[in-house]
Amino acid sequence: MTDSTMTQPPVASGSQDFSWKWFLLSAQGRITRSDYWLRYFLPYFVILIITIIFDQFAAINDGYPVLTIIFFLLSIYSTIVVQIKRWHDRDKSGWWILINLVPYIGGIWALVENGFLRGTAGPNRFGPSRFPEEQNINEVFE
């Protein structure tokens, strides 16, 4: 193995290893729509519902949703990182995450781009494709 292949970030899907540390803490690389929905959004949504239900039944602190607020604060960084990797998969800069700040259409635009549109086929400037059928075998072993 050359030094360049050892420094490549792990990819999220396909035939290569998955790393939760990379997935939730590193803004490098690309993730697929299925990774976005199944490994990020679905668990996030389930945990959010659980914290809301627990806050409702606990009714501590005069009804303030303490656990939900804590969950939101703890998940801000990973939310940003995962969305940056989806923008990378679309071959766009991670700065596109700022589109979420545009009132009304920003969140919808980000949802469509990140959740529904397919990423770039094959390698792009942010890394190789995670699908084996889209990888050029010569690029993998360079």
| Considering residues at least two apart in sequence or located in another chain, which fulfil the salt bridge (Lys or Arg N to Asp or Glu O under 4.0 Å) criterion with Arg90? | Glu113
| request: Begin from the C-alpha positions of Ile31 and Trp22 and carry the test side-chain contact (heavy atoms from CB on, under 4.5 Å) through to its verdict. | output: CA-CA 11 Å; Ile31 61 169; Trp22 168 80; 3.7 Å; yes
| 4.5 Å side-chain heavy-atom contact, Thr120 and Asp89 | no
| task | Any chance you could measure Ile70, atom CD1, to Thr68, atom OG1, to the nearest 0.5 Å? | result | 9.0 Å
| task | Keeping the roles fixed (side chain from Asp55, backbone from Leu67), state whether a donor-acceptor pair exists under 3.5 Å. | result | yes
| message | Let me confirm one number: the CG-OG distance from Leu42 to Ser34, rounded to the nearest 0.5 Å. | response | 12.0 Å
| query | If you group Ile, Leu, Val, Met, Phe, Trp and Tyr by side-chain heavy-atom gaps below 4.5 Å, do Ile47 and Phe23 land in one group? | reply | yes
| Atom pair CD1/NZ of Ile99 and Lys92 - distance to nearest 0.5 Å | 9.0 Å
| field | ring pair (Phe, Tyr, Trp, His ring centres under 6.0 Å) partners for Tyr104, two or more places apart | value | none
| task | Name the orientation class of the two ring planes belonging to Phe126 and His88 (parallel below 30°, tilted from 30 to 60°, perpendicular beyond 60°). | result | parallel
| Any residue meeting ring pair (Phe, Tyr, Trp, His ring centres under 6.0 Å) with Trp96, in chain and number order, not counting sequence neighbours | Trp87, Trp109
| field | side-chain hydrogen bond (donor to acceptor under 3.5 Å, both in side chains) against Asn114, all qualifying residues, sequence neighbours excluded | value | none
Atom pairs and distances, side-chain donor-acceptor, residues 71-81, under 3.5 Å, sequence neighbours left out:
unit_1	atom_1	unit_2	atom_2	d
Ser75	OG	Phe71	O	3.0
Ser75	OG	Phe72	O	3.2
Tyr77	OH	Leu25	O	3.1
Ser78	OG	Ser75	O	3.2
Thr79	OG1	Tyr40	OH	2.3
Thr79	OG1	Ser75	O	2.7

| request: Compare all side-chain heavy atoms of Arg30 with those of Arg86 and state whether any distance is below 4.5 angstrom. | output: no
| task | Is it possible for you to say whether Leu24 and Leu48 belong to one hydrophobic cluster, with membership spreading through side-chain heavy-atom contacts below 4.5 Å? | result | yes
| Hey, any chance Leu98 and Leu111 share a hydrophobic cluster, counting ILVMFWY side chains that come within less than 4.5 Å of each other, even indirectly? | no
| request: Determine, using ring centers only, whether Phe116 and Trp37 are less than 6.0 Å apart. | output: yes
| remark: Taken in chain and number order and not counting sequence neighbours, the residues that satisfy ring pair (Phe, Tyr, Trp, His ring centres under 6.0 Å) with Trp95 are none
| Roughly how far, to the nearest 0.5 Å, is CZ of Phe41 from OH of Tyr36? | 7.0 Å
| query | Taking only residues two or more places apart in sequence or in another chain, which ones pass side-chain contact (heavy atoms from CB on, under 4.5 Å) with Asn100? | reply | Gln83, Ile97, Ala110
| message | Using only atom types and a distance under 3.5 Å, with no angle test, would you say the side chain of Lys85 pairs donor to acceptor with the backbone of Gln28? | response | no
| said: Applying a strict under-4.5 Å side-chain criterion to I, L, V, M, F, W and Y, I'd like to know whether Ile52 and Val46 cluster together. | reply: no
